[in-house]
Amino acid sequence: MRGCGLVLVAAMMSACASAPAGLDLDADAKLFRAPADKGCIYVVPSASRATVAVGLDGRKVATLDMRNFLRLEVAPGRHVLSVARTSLVPVLLREPRDEMIVEAEAGRCSFLRTVWRQDADGLHQFRVYWERVTEEEGRRDVNVRTLVLPAR
């Protein structure tokens, strides 16, 4: 019985993991060029041991840990990004999410970072939030991490 539980937990964790990209895709993403007809959004997690789930326009697109970054190519216009702590039992433990609206521009890149802050309710709980960063800071953060591919 205990073995079944371990298999279930392992299966759930692997289903949440994002696939690492190859070296060529990683190097290409670190050129920081957006296609002329699309915008790109770079997401870098904070230096935390916890993983975060990233959503785009209502659907989960990746799970990131402190070693990864995510590059999303999106149509120009308004997009809603969400971030929450990952949970092994998402149905029972609804993690609060933070959302940010990004106005993507064709041919341009935006840079976001996840940050952890203590909740204002005084229970010493920590939540994950979005933070915009400058292009210089975003490039520096991306260059020391590895690209993961968004879910299709």
Side-chain angles (χ1 to χ4, degrees), residues 8-21 25-26 28-35 37-152:
L8 178 61
V9 168
M12 289 172 63
M13 289 180 75
S14 66
C16 294
S18 295
L25 290 175
D26 183 76
D28 191 48
K30 290 176 179 173
L31 295 175
F32 305 102
R33 291 186 289 207
D37 62 337
K38 292 186 178 183
C40 71
I41 303 168
Y42 284 87
V43 177
V44 179
S46 64
S48 168
R49 295 193 187 278
T51 58
V52 295
V54 177
L56 174 67
D57 297 331
R59 70 178 183 86
K60 182 180 171 188
V61 293
T63 301
L64 297 176
D65 66 29
M66 62 188 231
R67 300 167 299 193
N68 307 128
F69 75 93
L70 176 65
R71 176 188 159 106
L72 299 167
E73 290 186 3
V74 296
R78 179 174 284 203
H79 296 277
V80 179
L81 278 93
S82 62
V83 64
R85 263 191 320 197
T86 57
S87 171
L88 291 177
V89 192
V91 175
L92 298 176
L93 300 173
R94 293 273 183 212
E95 286 292 335
R97 333 180 272 214
D98 188 43
E99 293 186 342
M100 178 177 279
I101 295 173
V102 175
E103 292 288 342
E105 295 179 45
R108 297 199 47 130
C109 296
S110 300
F111 295 86
L112 301 175
R113 178 188 305 135
T114 63
V115 293
W116 291 86
R117 292 191 198 123
Q118 190 170 354
D119 258 348
D121 63 11
L123 297 176
H124 302 291
Q125 297 279 335
F126 283 84
R127 281 191 52 204
V128 62
Y129 295 89
W130 286 114
E131 174 180 81
R132 290 183 193 271
V133 294
T134 66
E135 183 173 346
E136 178 183 338
E137 194 174 358
R139 285 177 179 234
R140 187 175 56 243
D141 287 348
V142 164
N143 280 323
V144 297
R145 290 176 170 81
T146 304
L147 176 68
V148 294
L149 299 174
R152 295 283 173 204

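- Residues W130 and D98 approach most closely at N-OD2, 2.9 Å, considering heavy atoms.
- Taking all atoms of both residues into account, the shortest heavy-atom contact from A53 to K60 is CB-CE, 4.1 Å.
- Taking CE of M66 as the reference point, atom CG of D141 lies at 12.5 Å (rounded to 0.5 Å).
- V52 has its side chain out of reach of V43: every pair of non-hydrogen atoms, C-beta onward, lies at least 4.5 Å apart.
- Checked by atom type and distance alone, the side chain of N68 never pairs as donor or acceptor with a backbone atom of L147 at under 3.5 Å.
- Minimum heavy-atom separation, A104 to G39: CB-CA, 4.5 Å.
- Annotation: side chain of V142 is in contact with side chain of K30 (closest heavy-atom distance under 4.5 Å).
- Judged by distance alone, with hydrogens and angles left aside, the side-chain atoms of S82 form no donor-acceptor pair with the main-chain N or O of E99 at under 3.5 Å.
- Looking at every heavy atom in both residues, R59 comes nearest to A151 through NH1-O, 3.5 Å.
- Ring pair Y42/F32 is tilted by interplanar angle, where 30° to 60° counts as tilted.
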Derivation and outcome, side chain to side chain contact (heavy atoms under 4.5 Å, CB included), residues V74 and V102: CA-CA 10 Å; V74 296; V102 175; over 6 Å; no
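- For the atom pair L149 CG and L25 CG, the distance stands at 6.0 Å (nearest 0.5 Å).
- Across all non-hydrogen atoms, the minimal contact from D65 to P45 is O-CG, 2.9 Å.
- Each of R140, R145, E131 was evaluated against V44; a single residue qualifies, R145, per the side chain to side chain contact (heavy atoms under 4.5 Å, CB included) test.
- Here the CG atom belonging to D57 is positioned 5.5 Å from the NE2 atom belonging to H79, to the nearest 0.5 angstrom.
- Between E103 and the choices R78, R132, R108, the salt bridge (charged side-chain N to carboxylate O under 4.0 Å, His left out) rule is met once, by R78.
- Looking at every heavy atom in both residues, A106 comes nearest to D37 through CB-C, 4.0 Å.
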